[in-house]
Number of protein chains: 2
Amino acid sequence: MTKDENSRDHIQSLERGFQVLLAFDAERPNPSLAELAAATGLSRPAVRRILITLQSLGYVKGEGGHWSLTPRVLSIGQHYSASHAMIELSQPHLLRLAEQTSESASLAALDGTDVVYIGRVPVRRIMSINIAIGSRVPAYATSMGRVLLAWAPPKHVDEVIDAGLRPLTKNTVTDPEEFRRELRTVRAQGYSIVAGELEEGLLSVSAPVRDQSGTVIAALASSTSSGRATVDELRAEIAPLVVRTADAISADYGHRASGKAISTVHREHEGFF
Amino acid sequence: MTKDENSRDHIQSLERGFQVLLAFDAERPNPSLAELAAATGLSRPAVRRILITLQSLGYVKGEGGHWSLTPRVLSIGQHYSASHAMIELSQPHLLRLAEQTSESASLAALDGTDVVYIGRVPVRRIMSINIAIGSRVPAYATSMGRVLLAWAPPKHVDEVIDAGLRPLTKNTVTDPEEFRRELRTVRAQGYSIVAGELEEGLLSVSAPVRDQSGTVIAALASSTSSGRATVDELRAEIAPLVVRTADAISADYGHRASGKAISTVHREHEGFF
DNA sequence: ACCTCCTGTACGCTTTGCGTACACTCTGAC
DNA sequence: GTCAGAGTGTACGCAAAGCGTACAGGAGGT
């Protein structure tokens, strides 16, 4: 039995506050009070109280009966970045990788069944997807997700599979067994290549980034499109570079925290399995 | 008289929730319950209730008596980006500007007396500052801040001046009258150049981005360092490019929203003054 | 073994925050 | 012009949400 949600330790107003904050959306950029009440299922006075509170905190702004988010909402994420030294450390490595490959470089972490971009150096506009820091994509269909899952506790993998491997393109791996086999391959070879499983024509290579204890905490990726490279080229030329860069980030991170550099050699058989 | 903070419309628990969330920091990346209680001034049980709530929402994670933020915190900002179409629109323009200049390109909005980065294409590691989306810097000492203030309601300018123009380097403009004069110059010439007022050796050029109604809502900037360019070079070569790019973003934004393209010509005498 | 510092939980009280209900404004239809 | 209709803002009494004190239990250091 997991923690009870309706326990006395759950603060209703706080959850409601986030409900309202997250109700702002591409479809609802400037909602009225009534719209927000409808969208969240809360009463109008409740939403109003929340909005006034959020406004006093500087997160929303109301004018002319319509409300909108302020840039301060973006600053919330700074507290995540600031409390995870690896993000700042990885920046020069991301830049270098992007330069060397002339392709976008990304860093991501696992959050539930999604992968969240925590660092990124864009180079070209990749396909139709708008990727920015904080963006979420399903873990199962991306090379970064595969890497993170390959070294994650089995429980996470089960969760992802239970949530469903929906076909996003005709190439998406949707069979649980094939998926688990793929993760074993990733673990064995030390990197992941995914071609067109999230979006047609999108290619990416990804390798694990580790903390001091050797735990995989992030994935580094280089992304391109099928017009600019083939899977074989990625494997031969880009994959080693991505692995080396990921190892360099790990080394920086380990070195910084422990005072003694951790070997940058890829360690094949650590982790949770 | 402004809105009363202690009114019945202020939700205490919501404010406290943010207090706890924002207590995570570079100095406090993995705080214990007691640390957070001390940092926020709240009682331990109160903090615990908040943490459990935030955990159930997926924003924090507790293990071994220590708590940390999850990447989901970064995703909150997506709601800001998604509800401001201009950010996505500007992406290709930022990339192009960064390519043309071989320097980092940024987009920022005003939040109180700070400027918040809402879009960015990094090219090199600029000096010591770690700039990412969501980062905040004092408006008065940056070219983007000057641009935003030059076209902002006078009230904003007063606020910034009242908050104090502290010298961040030996070049920082700190005299209110000189500062106001500088804003008038920016308004007249249509762009701002700031050299080493935020950080020694940091140079940037910035121009306004407007919405459909002509209101300046963001600033576009190109940044470099004194080792790579002089103020005169920026003025002659980069400034026109930044202005043109900012106008192009404005045009895209106006066009998209109104169905009819707005002229990309820089409009000198609109705004709030 | 002791002491200290921490976390977790219980519990009764207060105050917070709730939603119903109503007054008011604005817009557009006719 | 008047009347709906849809929206916002406010009042208010009540339920319960959330509060902090107080205590129990653990881990780690001396």
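All heavy atoms count here, side chains included; hydrogens, waters and symmetry mates do not. Labels below follow one simple rule: chain letters A, B, ... track the order of the sequence lines, proteins then strands, and each chain is numbered from 1.
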- Message: In this structure, how many angstroms lie between the C1' atom of D:dA17 and the CD1 atom of A:I50, rounded?
- Response: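 It is 14 Å, rounded to the nearest whole Å.
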- D:dG9 C1' sits how many Å from B:D9 CG, rounded? 9 Å
Looking at [options], which one has an atom nearest to any side-chain atom of [X]?
X: B:P45; options: D:dA22, D:dG18, C:dG19; value: D:dA22
X: B:R44; options: D:dG20, C:dT7, D:dT8; value: C:dT7
X: B:I11; options: C:dG17, D:dG18, D:dT10; value: C:dG17
X: B:A34; options: C:dC6, D:dG7, D:dT21; value: C:dC6

- Message: So, taking the atom named OG in B:S135 and the one named CG in B:D114, what distance separates them when rounded to the nearest 0.5 Å?
- Response: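 Rounded to the nearest 0.5 Å, the OG-CG separation comes to 11.0 Å.
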- Query: Would a line drawn from the ring center of B:F24 to the ring center of A:Y80 be shorter than 6.0 Å?
  - Reply: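 B:F24 vs A:Y80: aromatic centres not under 6.0 Å.
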Please confirm whether the shortest side-chain N or O distance from [X] to OP1 or OP2 of [N] is below 4.0 Å.
X: B:S43; N: D:dT21; result: no
X: A:S13; N: D:dG18; result: yes
X: A:R16; N: C:dT16; result: no
X: A:R48; N: D:dT8; result: no
X: A:R49; N: C:dC18; result: yes

- Message: According to side chain to side chain contact (heavy atoms under 4.5 Å, CB included), who are the partners of B:S206, at least two apart in sequence or on a separate chain?
- Response: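 Applying side chain to side chain contact (heavy atoms under 4.5 Å, CB included) to B:S206 gives B:S143, B:M144, B:V147, B:A219, B:A221.
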- Residue mapping more 5' on DNA chain D - nearest nucleotide basis, A:G65 or B:Q12: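 It is A:G65, whose closest nucleotide lies nearer the 5' terminus.
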- Residues two or more places apart in sequence or in another chain: which of them pass side-chain hydrogen bond (donor to acceptor under 3.5 Å, both in side chains) with A:R16? none
